[in-house]
Amino acid sequence: MMYRWNKVFQLSKTMSKINFSFLNFRYKLKERPDPYFIVLACFVLSIISVFYYYYFRLLGQLYDGLSELGLGALFCRLALFAVAMILSIVSVFLLINIFCFSRDIEYLLLFPVRPCDIFTSKYIAVIMFCYVIEILLLLPVCIIQTQYIGDISAIITYISAAAILPHIVVFPLAVLVTICLKFAMLLKRMRTLLVVAGIIVYFAGGVICGLLSNGQIDEKQDLLNWVNDFIVPFPFYNQYIGFHPVLKLLCIILVAVFIGGYYYLSYLVIGKKYAIYDKEGRIRITAMKYNLLSKLRSYFKKEYQTFFRNPVYVINGLFGIFITPFLLPLSFRISATAESIEQIRALVSAPEFSFYAVLFAIAVIALTSAINVVASSSFSREGASFWIAKIIPYSLMQQAFVKALFSTSISMMGIIMNCLIFKVYFHYGLIQIGVIALVGILFAALWNLIGVLIDMKRPKLEWTNETEAIKQNVNVVLSILLCIAISIGYFFAVAKMLQNGFPASGVITFLLCSVCILILLVCKGIASHQE
Amino acid sequence: MLEVSGLSFHYQPHVPMLTDLTFSVLDGEIVGLLGKNGVGKTTTLKLILGLLPLEKGSICLGNYSLYLHPIRYKKQINYVSDSHDIYNNLTGKEYLNFIADMYEVPSETRGKNYTPLIEAFQVEKYLNSPIKKLSHGTKQKIAIIASLVNDPLLWVLDEPMMGLDVEAVQVLKELMKSRAACGKSVLFSSHILEICENLCDKIVIMQAGTIKKTIELRDNPSYISLEDIYLEVVNDVPMEQGFSIKQNNE
């Protein structure tokens, strides 16, 4: 028994290394690192340090603020709730990645390992990652609270909560994924689609229930009761927080129960036989038709087909584009009352404020379209097929422009979504929408060109799992950071212009002209890239 | 005619992969590239194809230099990779059409070029399936078919027989011979000496990033097998007494 569990944990470690190749960076430290790696490592470490420093400060200020309001006890609840939310989102991506897109099973089945052990180790790999993220997020929280309270009971609370929280978040998702995989086995098809659909339904149901039951604070509730009802990190938290510290420590035993639960789930799905089927490709004998397309159209079509036929790229590429436009009205829906939304709508259409409303909308679009993974992974996604891009008589420069055009078309979906929300929810005028769309499209084009240029210089071509091309790609991070930095620069420039009394037309003209100039400069950068 | 002269390449600083490589492939010639693992065969092919940056030396195909006229050079060349990594999310038909579009091959011509190859390799029923669902050998067949759409002057293949069934190997060999008969050049690397012996007009044996020997097989006496020649050249082991090797470059 112990030997089997030892094997399961060894498999989990191996699976983590297979699916998340950035963990293998430590092997780079054994080799002689090249200057690029050293610069990148310093850059990443400095970003992480700055982030952690501001995170610590923010937590300290939050605790001080809550203590002044007499709500110090809420600090732990809020922190655990935030971590639970983050772990929910992270575990979704981890579960989809490990269960649907990982190819490790093909190799592991060669070994004398039971399929259900492989499955259990996949669940445990997800849990291990969740623990790592949780430790990074909760450690400062624990330090701050312990520092202020000076009582060891806070440490015990955090340790036991941290031990069981990932399991409470992941286990329902694991059950859901198991059910979907079982259905996929029976249908012998649509494994990824069923899992993704199941998770979307799960979250959509949770959000809708949350909004319907606790969306607004009404007159009968005060803030504290609303928070106690709504901000619940895990189901029995209200009882848990009142437990004696020894009892809290005993709750850690639940970890073993959950791990046993994962094993039972694995046995339920596959038992002793491995049978996760993919539907066999249908064989149709049809007459070959040859369609002649220009190189640009053909390459664009190829980009479209290779992107949209890969669920990994679709989920990761379109998630930000389709989710972020809805965050704005959602945040208003949760935090604002009906009267305040009407006030906002009145401000939008008021002549003296309409221009500021336009600038705000442009800022939202510019920032949301800066978080673009499609352009900055456009060459990396070629992977082992990159040789085709170099063989064909179509220069890399032209291919880069087509890739930028494709990713801009994806960004435009988000811009259209944003404009619809501004029009329908915030009641922007048509002229306002026109200006927002024009400037937004130019910004999106600029971000996409920057992303393509960065990825073109040093594409990440060696990956086995498609998520590595997007999520574990430094070019994506660099591109997002650069675009956000430029956006911040624009923010300060426009603020300065407004302070100095520039007219609205002057500001818009400045935005249009400067973005066009930057676009030309980036195009020149792409054109000058030597193959 | 392909002319490669003075080719040198490093993957890492101070660790040369290729050193002053010079050889040519004449029109109508089938040239085999042989050598141990890691001597630089694939690197040489990748440099000829423009997949790796040219550090030193020159590569010319006909009137076009890879360095000076890359697009026109690439229009005359095509490649079959050893790794069969092609666009997995496209169907076979879509991939063939895409490659034909890139080489600007008109619809009628691609029909004429593709149809006999599709029938010869018997892949009609697989062309509507996504490439990722196809077997290793079927992917290789589709890659071979796509590589002939532009009727290249130089056809480069890296370990082309790997993964192919017996019938497909026969078809491939016939294709290589027929292309040479039409005055087109074929350059391929392989570890299967029997195939090289039957197909090639010239063998280039590489060792430690350089060409050890170039052998015109037309002039090789039939009682000396290529295996014996290869082993002697690569291992510096003299053959048994009584044999003497006549090689063009000695």
Side-chain angles (χ1 to χ4, degrees), chain A residues 31-32 34-35 103 278-314 381-399 402 461-464 466 529-531, chain B residues 12-13 46 49-53 70-79 81 83-115 118 124-134 143 146-147 149-150 156:
Chain A
E31 301 167 6
R32 200 174 153 183
D34 58 12
R103 293 193 192 114
D278 273 321
K279 189 173 190 301
E280 287 175 9
R282 259 181 274 166
I283 296 168
R284 280 178 274 159
I285 301 171
T286 56
M288 275 287 285
K289 283 180 189 150
Y290 299 103
N291 308 309
L292 177 63
L293 292 174
S294 68
K295 281 187 185 178
L296 189 144
R297 281 174 62 193
S298 184
Y299 202 87
F300 188 94
K301 187 179 168 191
K302 186 272 291 179
E303 285 290 305
Y304 173 87
Q305 287 165 334
T306 50
F307 182 84
F308 281 99
R309 287 179 189 177
N310 193 321
V312 174
Y313 298 154
V314 171
R381 282 183 276 115
E382 297 273 341
S385 316
F386 186 61
W387 65 269
I388 301 175
K390 297 208 80 174
I391 281 285
I392 53 177
Y394 196 42
S395 65
L396 272 181
M397 176 196 76
Q398 287 168 305
Q399 291 180 48
V402 179
L461 300 172
E462 287 170 15
W463 45 262
T464 48
E466 289 97 334
H529 174 77
Q530 289 208 344
E531 293 193 34
Chain B
Q12 291 171 8
K46 285 185 174 178
L49 293 159
L51 295 177
L52 291 172
I71 300 295
R72 276 179 281 187
Y73 177 96
K74 286 177 184 178
K75 280 184 180 174
Q76 301 179 103
I77 204 167
N78 217 317
Y79 175 54
S81 164
S83 58
H84 322 305
D85 287 311
I86 51 181
Y87 295 126
N88 283 324
N89 285 316
L90 299 185
T91 62
K93 187 168 77 174
E94 286 165 350
Y95 179 71
L96 294 177
N97 269 319
F98 170 73
I99 297 295
D101 287 333
M102 290 299 114
Y103 284 93
E104 296 170 347
V105 177
S107 308
E108 315 78 38
T109 314
R110 57 179 89 171
K112 262 194 295 183
N113 289 350
Y114 278 151
T115 306
I118 291 169
E124 307 95 332
K125 54 186 177 176
Y126 301 113
L127 290 176
N128 279 324
S129 301
I131 287 170
K132 65 184 173 191
K133 291 193 184 283
L134 302 177
S147 70
V149 69
N150 61 322
V156 181

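Order of the sequence lines fixes the chain letters, A, B, ..., with proteins taken first and strands second; residue numbering starts at 1 for each chain. Heavy atoms only: backbone and side chains are in, while hydrogens, waters and symmetry mates are out.
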(message) Using the side chain to side chain donor-acceptor pair (under 3.5 Å) criterion, which residues pair with Q76(B)? Sequence neighbours excluded.
(response) none

(request) Go through Y79(B), F98(B), Y103(B) and name the one with the most non-hydrogen pairs under 4.5 angstrom from chain A. (result) F98(B)

(message) Taking side chain as everything from C-beta outward and backbone as N, CA, C, O, which of these in F308(A) sits under 4.5 Å from a heavy atom of chain B? Side chain, backbone, both or neither.
(response) neither

(request) If the plane angle is over 60° it's perpendicular, under 30° parallel, otherwise tilted; pick one for Y299(A) and Y394(A). (result) tilted

(message) For the residue pair N88(B) / R309(A), report whether a side-chain donor-acceptor contact shorter than 3.5 Å exists.
(response) no

(message) A side-chain contact here means heavy atoms from C-beta on lying under 4.5 Å apart; do F386(A) and K390(A) qualify?
(response) yes

(message) Can you tell me which of L49(B), L90(B), N78(B) forms the most heavy-atom pairs within a distance under 4.5 Å of chain A?
(response) L90(B)

(message) Does any backbone or side-chain atom of I99(B) lie under 4.5 Å from a heavy atom of chain A? Answer side chain, backbone, both or neither.
(response) side chain

(request) Please flag which part of E108(B) lies under 4.5 Å from any non-hydrogen atom of chain A: side chain, backbone, both or neither. (result) neither

(message) Measuring only between side-chain heavy atoms, which start at C-beta, is E382(A) closer than 4.5 Å to T306(A)?
(response) no

(request) Go through the structure and list residues passing side chain to side chain donor-acceptor pair (under 3.5 Å) with N113(B), not counting sequence neighbours. (result) none

(request) Under 4.5 Å, counting heavy-atom pairs only, tell me which of K75(B), M102(B), K46(B), R72(B) racks up the most with chain A. (result) M102(B)

(request) Could you tell me which portion of Y95(B) (side chain, backbone, both or neither) has an atom closer than 4.5 angstrom to a non-hydrogen atom of chain A? (result) side chain

